Each structure stands twice: as C-alpha cells, then as structure tokens.
**Q** 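Just dropping this structure here.
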Amino acid sequence: MSNASESLALTLALLPDLTVMGGAMVLLLYAVWGPEDDRRRSRILGGALAVCGVAVAAVLYSATIALGRGVGPLATDPFRWAIDLVILTSTALTLMVMRDHAPRSRWAFGEPAVLVLLAAGGMMLLAAARDLTLVFLGIELMSVASYVLAGIDRRSARSAEAALKYFLLGAFSTGFLLYGIALLYGATGSTSLTLIGASLSPASGPPSTMALAGLGLLLVGFAFKVAAVPFHLWTPDVYDGAPTPVSGYFAAAVKAGAFTALVRFALEAVTPGLGVWREALWWLAALTMIAGNTFAIQQRNVKRMLAYSSIAHAGFLLVAVTTQTAAGAAAVLFYLLAYALATIGAFAVLSAVGEGEDGVMHAHRLEGLWQVRPGLAMAMAVYMLALLGFPLAGGIGFFAKWYVLQAAIQAPVAQTGLAIILVVATVASAAFYLYVVMVMFMRPRRPEAVDPAPAGWLTRLVIGGSVITILLFGVYPTPLVSAARASAAASFPNSPPPSPSVDAMRAVAAPLR
C-alpha cells in the first residue's frame, strides 16, 4: 500500500472521530467569540446535536467502505462502529436534556456542549484503539473533559467537590494505567494489542513476572474507569455532585467507552488460557455486583442510588467480559445500549423533577409524582424495571441480563458461579428499584411539595423515545441481538466458540429471540 493510500485509509478510519472533535473545536471558537447569552447557548447546543448527526452519517459511511478489520493501530470492525453509534446516541440524548435543563441551572452557557462532544471523541477513540498508546490518549481525552463537566456549576460547592474527587482519583488511576503500559511494553516489546496477545499466547511459554505485573496494573486502571469495586469510591460523590444530565452521561456513555477498551483488550491482548487474568476478573465482577447492590439498598438520595446501581451494572458487564468470547462481547454491546437508554431516561426524569434547594435529589421529591406528573412517573417506572431486568414491563432490560447469563454459561470455561451471583444480585436490586416505584405511586404528595414544572419538549422527546424503544425491543429484540452477535463474531473471529454442552440453554432461549 502506498503512503497516499495508507493516509487515505487512516483518514477514513478516523472520519467519525475527526467529525466529532472538529465540530467541538468549531463550536468552542464560536462559544468564546462573543458574549454569553441564551441565543448563543441555544445555537451551540443545536450545533452539537448537528455534529452528532453528521458523525452518525460518517460512522455509517466508514462502516460500508472496505477497510477490513483494522488500519494500523485503528480497529475498523463492526464492533467499533456499533459502539460508536451507542456513544453518539447517548451523547445526543444528553445534549437534548441539557438544552432544557440549562435555563434552570446556574451554568447556562455553551461550553458544556463542547465538553460533551470532546468526551465523546475520547470514547470513540477508545472504541477504535488497538494500541495501548491510543487507549491512553482516548482515556485522557474522555477523562479531562469529564473532570470539567463534573465541576461545570462553578457556584456549587458540591459540584466543585465532585470535580476535585474525580480529578484526583482519575489521575491516580492514570498512573496505574501508564505503569501497566510501560511494564507490558518492557515484557513484550510492543504496545499493539495483537502483538501483546501473540507474546502472551501459550505457544510463547508462560508470561514473565513483568508481563503479569503490567496486566495487573492495567486491570486496576480499567477498574477505576468502569467503577468496579474496590476502585469505585469516586462514583457516588461525582454522580451526586455533578449536574443531573451530566451524571446520566457519566453513568451511560463514559461507562460504555471504558468497557469498550476493556473488552477489546481482553479479547485481543490476553489469551483465554491465562487463568490468572480470568480469576482477577471473576473476583472484580463478583465484588462489584455484591457491593453495588448492597450499598444501593441503603440510599434515599436517588442520584446516589443510581450511582451505586451503575456500579452493580458494571459488575454485570464484567461477567460478560470474563468469558473472553465473541458471545460475551455481543452481550456487552447489547447491554450497553439497553443500559444507556434506561439510565439517561431516568436522569432525564430527575432533571425534569428538579433538585431541592440543597441540591440533593431526595426520594421524597418523587412522592406522589403519579398524582401531578403521571407521564414522568410511568416513564420512571419503566426505567427502574428495565434496570432491574423485569420481563415485559422492563422491556429490553430483561434480555440484556439474559444474554449476559447465556454468555457466562456457554463460555468454554463456564462462569456458573458468576451467573448465580448475577441472579441473586438482580433479585436483591428489586429492593431499591421497586422502592422508587412505590414512592411515586403509593405515597401521597406532601402538602409543602412544589409540583415540578412541565418538562421541555426535548426532554419529553428523550423520555418518550427511550421508553418506546425499551418496550418495543423488549417484545421483539431479535434485530438488535442479531446485529450485536454478527458484529462481535466478525470483529473477534479468533475467540473460542461456545461450549457444546449448553444445547438445553439454547432451547430455552429460542422462544425469547
């Protein structure tokens, strides 16, 4: 391939990422070019939504041209394009909620939309990274923008505290990540995921102590980013202190970007026969599911409850990653979409309801919501049931957990123990998800409670659209499931096939497809 052809292929491979980052730069220049006012803010948010639309078109275009599975250090496989669509969908939904939330906030200016786009650019770079240097660049771009977003309300002490904690612990995790990359480079002589995988394969002999130390440090760095226990301590304070739409973005999109990098690293750089890696993931998944649900039960601050809920869902996703199979990657992809719709929708409802004067979203603010805003109450109930994984009424959420269970049981090394813990943790999570539903429908409205103002039309569109999508694909999930499985199978063809001893499981699952 000539230099010109190679440059063109790299440009086409980066086209969606360049679209998002270039659009963010243009909007940033426009934001600082004149005075801050409502019209300029509205134009910036509208421009950010337009950038998301153009980026979706760029993803679809890049996915249709013949780029193979990778161009240099960039993945161009279907898994990358599917994750890009999930990230851009989450970004667009967040921007729509932010547009209605901004006039009621104390940060009514245009830069948050630019920061959301920059964070999305970092996540998309993570989805494309097949080299640890690009993984580091993507994580840093995503993280730096997220730190600023957490503290975007400059007159709120809670927002400033959230940003400081996020920054300090994020910088701490970056150190683990860099040391892990350095040790793996020293042990294998490369930062390419493919070459690292070849160096760690059984044919190359047992991994060195340096390689194992590098893998351990990298896993710690990834665990910080996905909020896995015991590296989760920043999550509740950050989600609680950040503005409500931003918290939803952290819980949905940022988690998707971090898990994408972890999935690709687990399937391309770590051989399935490396038992110490699988054992470490096993314990991370188990502790995260147990601790996330246990602490969530104790919360009466709804945003903190959703923060611990997001930790528990990180544990569920880690179950699929532990399998190190294409089926596990497909389950992660399907789960991330379902989780993003339910999470952003739930935070959109909280944004519409509004926080108290102390800036805390106490559960009593939702008491009797059915009596004054029945649409919001019904939508929130769907989101809670989706996060719980309740059949039919929970829509797509049930199938998200079902396919994670299926991947765990069908893995060449069956993760039966994790599957049991997942089921028990899901049952336990009913205590706090159904508590929110009970508060909205079965408790009377307090006399001193102030009824929430009608939600903006964009927020209503996000809430209504996500509810319809959750319920629709909860009845007929076949198109999404087929697309997720085809994307993962084409992207990770060398992953081990499912265990042949699970025909009964497939027979049970067949009527549900």
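Fair warning: this is a prediction, and the values are worked out from it, not measured in the lab. Only this structure's heavy atoms are used, side chains among them; waters, hydrogens and symmetry mates stay out.
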**Q** Are the side chains of Phe79 and Thr260 in contact, using a 4.5 Å heavy-atom criterion?
**A**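 Yes; the side chains approach each other to less than 4.5 Å.
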
**Q** In the structure I gave you, are the side-chain heavy atoms of Phe224 and Thr174 within less than 4.5 Å of one another anywhere?
**A**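 Not in contact.
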
**Q** Show me the donor-acceptor pairs, under 3.5 Å and distance only, between side chains in residues 118-125 and residues at least two apart or in other chains.
**A**
none

**Q** Return the orientation label for the Tyr339 and His313 ring planes: parallel under 30°, perpendicular over 60°, tilted otherwise.
**A**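 The rings of Tyr339 and His313 sit tilted, inter-plane angle from 30° to 60°.
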
**Q** Any side-chain heavy atom of Lys225 sitting closer than 4.5 Å to one from Phe259?
**A**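 Counting from C-beta outward, Lys225 and Phe259 never come under 4.5 Å.
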
**Q** How are the rings of Phe250 and Tyr239 set to each other: parallel, tilted or perpendicular (split at 30° and 60°)?
**A**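 Correct class here is tilted.
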
**Q** One pair to check against side chain to side chain contact (heavy atoms under 4.5 Å, CB included): Leu200 and Leu215. What are the steps and the verdict?
**A** CA-CA 11 Å; Leu200 298 178; Leu215 286 175; 4.1 Å; yes

**Q** Working to the nearest 0.5 angstrom, can you tell me the gap between Leu193 CG and Asp131 CG?
**A**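 The CG atom of Leu193 sits 6.5 Å away from the CG atom of Asp131.
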
**Q** Could you go through the side chain to side chain contact (heavy atoms under 4.5 Å, CB included) check for Leu317 and Val226 one step at a time?
**A** CA-CA 10 Å; Leu317 286 162; Val226 303; over 6 Å; no

**Q** Is there a side-chain contact between Val20 and Leu88, using heavy atoms and a 4.5 Å cut-off?
**A**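 Yes, at least one pair of side-chain atoms sits under 4.5 Å.
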
**Q** For Ala13 versus Leu74, what's the shortest heavy-atom pair and its separation?
**A**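 Where Ala13 meets Leu74 most closely, the heavy atoms are CB-CD1, 4.0 Å.
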
**Q** Between Arg80 and Ala75, which heavy-atom pair has the shortest distance, and what is it?
**A**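 In terms of heavy atoms, the two residues are closest at NH1-O, 2.9 Å.
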
**Q** Does a side-chain heavy-atom distance below 4.5 Å link Ile83 with Val263?
**A**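 They are not in contact (no side-chain heavy atoms under 4.5 Å apart), so the answer is no.
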
**Q** Should Asp77 and Arg130 count as an ion pair when the cut-off is N to O under 4.0 Å?
**A**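 Looking at Asp77 and Arg130, the cut-off is not met.
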
**Q** Would you indicate whether the side-chain heavy atoms of Leu284 and Val229 approach each other to under 4.5 Å?
**A**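 Of all side-chain heavy-atom pairs linking Leu284 with Val229, none is under 4.5 Å.
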
**Q** Is there a side chain to side chain donor-acceptor pair (under 3.5 Å) between Thr323 and Thr325? Walk through the geometry before answering.
**A** CA-CA 5 Å; Thr323 66; Thr325 61; 3.1 Å; yes

**Q** Quick one: are Phe347 and Leu93 in side-chain contact, heavy atoms under 4.5 Å?
**A**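 Counting from C-beta outward, Phe347 and Leu93 never come under 4.5 Å.
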
**Q** Would you confirm whether the ring centroid of Trp277 sits within less than 6.0 angstrom of the ring centroid of Phe265?
**A**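 Yes; Trp277 has its ring centre under 6.0 Å from that of Phe265.
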
**Q** Decide yes or no for Pro243 and Ile152: does some side-chain heavy atom of the first lie under 4.5 Å from some side-chain heavy atom of the second?
**A**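 Pro243 reaches Ile152 side chain to side chain.
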
**Q** Specify the closest pair of heavy atoms between Ala163 and Tyr147, including all atoms of both residues, with the distance to one decimal.
**A**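 Heavy atoms of Ala163 and Tyr147 come nearest at CB-O, 3.6 Å.
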
**Q** Distance-only check: which donor-acceptor pairs under 3.5 Å involve side-chain atoms of residues 384-399, not counting sequence neighbours?
**A**
none

